[in-house]
Protein chains: 2
Amino acid sequence: MANTRYSTALHILVLLSANREAHHTSASIAEQLGTNPVVIRRLVSDLAKAGLVSARRGAGGGVSLGADPAETSLGQIADILEYDLTFDAHDLPVREGRSHLPGAILSAIEAQRRELHTASVVELDRVTLQDLTHAATVRAGLAELVGQGMSNADIRNGYRIENGRLIPRDDR
Amino acid sequence: MANTRYSTALHILVLLSANREAHHTSASIAEQLGTNPVVIRRLVSDLAKAGLVSARRGAGGGVSLGADPAETSLGQIADILEYDLTFDAHDLPVREGRSHLPGAILSAIEAQRRELHTASVVELDRVTLQDLTHAATVRAGLAELVGQGMSNADIRNGYRIENGRLIPRDDR
DNA sequence: TGAAATGTAACAGTTTTGGTTACTTTTAGC
DNA sequence: GCTAAAAGTAACCAAAACTGTTACATTTCA
């Protein structure tokens, strides 16, 4: 089974970021994601430890964003979840053979593994939660128009994008 | 269970690259890696399709390197194996809801996913199979000396590294 | 012709992961 | 205080993915 913790965490955070006014609970989020509230709580609990979200227990409680999306990078989120952004290493049998080569090869591969993880985090640090939220809301806006029967060409000609929203071009 | 195909493939290729004179078979490689010959054959078969190794059937057959390690990048190897170098995406239930937001969020996440995969391949393209082989043989040389009771400081003072081998410093 | 090797299909065993239930704890409002 | 609503967490289950293994066909050399 794939490990979708990081992807799901991103989804939760974009959801909170795109709709900060609404009241969110693990149940309401789980419903939108088609999963179980406990899955959401597990992730939110980890994100809350790092202050990225704030979870309040009890009646009227729920989940809300705890940090500025413009100051939160996707790399930080991976760090928080301790999510591996590289390939999986194999292992070797413990063996008292004479040759050091197999262990040395594995060791070199693991060094490369760490290097790729670091590079991936650097890459993800270039994107903020705000950037990702922007990308999502633009896509949602486009989907909305297409759902209303508008063609992609019409959309391109009739709208411009501003702050993640589609603004009608009335300047022509 | 982790997907160790890429890591194992790298190990096989470094093994072949570090010891080009020896005769290698799926059985001999599997023995060194502590796995089953079929596992090796499956990987070698994929690598052979791309010309990276050459596998000869029949008596006296075996596996040998089919390309120049200096011209083979770790990114190419990932490509050949179609190995995913990014995070796993979650999925959404098919639902005819009104809101386009959940699907739009997922779509934005998947775009980010593809971007990270591309960046990872670029990163791995900076390293050749020769580089990785060099790193492994150096480590093996060091392990050999340590096994002979030499301290790391002694090693640093008494040897220099050249073409992936430890050369005694007799220039002092 | 026989032995040695790869190619491949089929299946089993293990591990990992998300889903689920159940229960505790916290909190707000009446 | 009582009740309802919410998160926190432990424990277990089911499903998926992957490697390991067996078995057999095919190829090749001597």
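Lettering of chains follows the sequences in order, A, B, ..., and the numbering in each one begins at 1. From a predicted model like this one, the values you see are computed outputs, not experimental measurements.
Between the side chain of A:T118 and the backbone N or O of A:R114, at least one donor-acceptor pair lies under 3.5 Å. Within the 3.5 Å criterion, the main-chain N or O of A:Q76 finds a donor-acceptor partner in the side chain of A:S73. The closest donor-acceptor contact from the side chain of A:T133 to the backbone of A:S17 lies at 3.5 Å or more, if one exists at all. Under the 3.5 Å distance criterion, the side-chain polar atoms of B:S28 are left unmatched by any main-chain donor or acceptor of B:H24. A:H134 places no side-chain N or O within donor-acceptor distance of the main-chain N or O of A:L129, the cut-off being under 3.5 Å.
Using a 4.0 Å cut-off between charged nitrogen and carboxylate oxygen, B:R126 and B:D131 do not count as a salt-bridge pair.
At a cut-off of 3.5 Å, with distance as the only test, no side-chain donor of B:T86 or B:R113 sits close to an acceptor on the other residue.
Partners of B:H117 under the side chain to side chain donor-acceptor pair (under 3.5 Å) rule, at least two apart in sequence or in another chain, do not exist in this structure. Listed by chain and number, the residues in a side chain to side chain donor-acceptor pair (under 3.5 Å) with A:D46 are A:R5 (sequence neighbours excluded).
For DNA chain D, the residues of residues 34-47 of chain A within the heavy-atom distance limit of 4.0 Å (strictly under) are A:V38, A:R41, A:R42, A:S45, sorted by number. Contacts between residues 49-63 of chain A and DNA chain D, defined by a heavy-atom separation under 4.0 Å, are made by A:A55, A:R56, A:R57, A:G58, A:A59, A:G61, A:G62, A:V63.
Note: B:Y6 and B:Y83 have parallel aromatic rings, judged against thresholds of 30 and 60 degrees for the angle between ring planes.
In terms of heavy-atom proximity, B:Q112 sits nearest to A:L132 at CB-CD1, 4.4 Å. Across all their heavy atoms, A:G75 and A:D125 have their closest contact at CA-OD1, 3.2 Å.
Counting 5' to 3', DNA chain C first comes under 4.0 angstrom of a heavy atom of chain A and last does so at the ends given by C:dT17 to C:dA28. First and last contacting nucleotides of DNA chain D toward chain B (any atom under 4.0 angstrom from a heavy atom, 5' to 3' order): D:dC18 to D:dC29.
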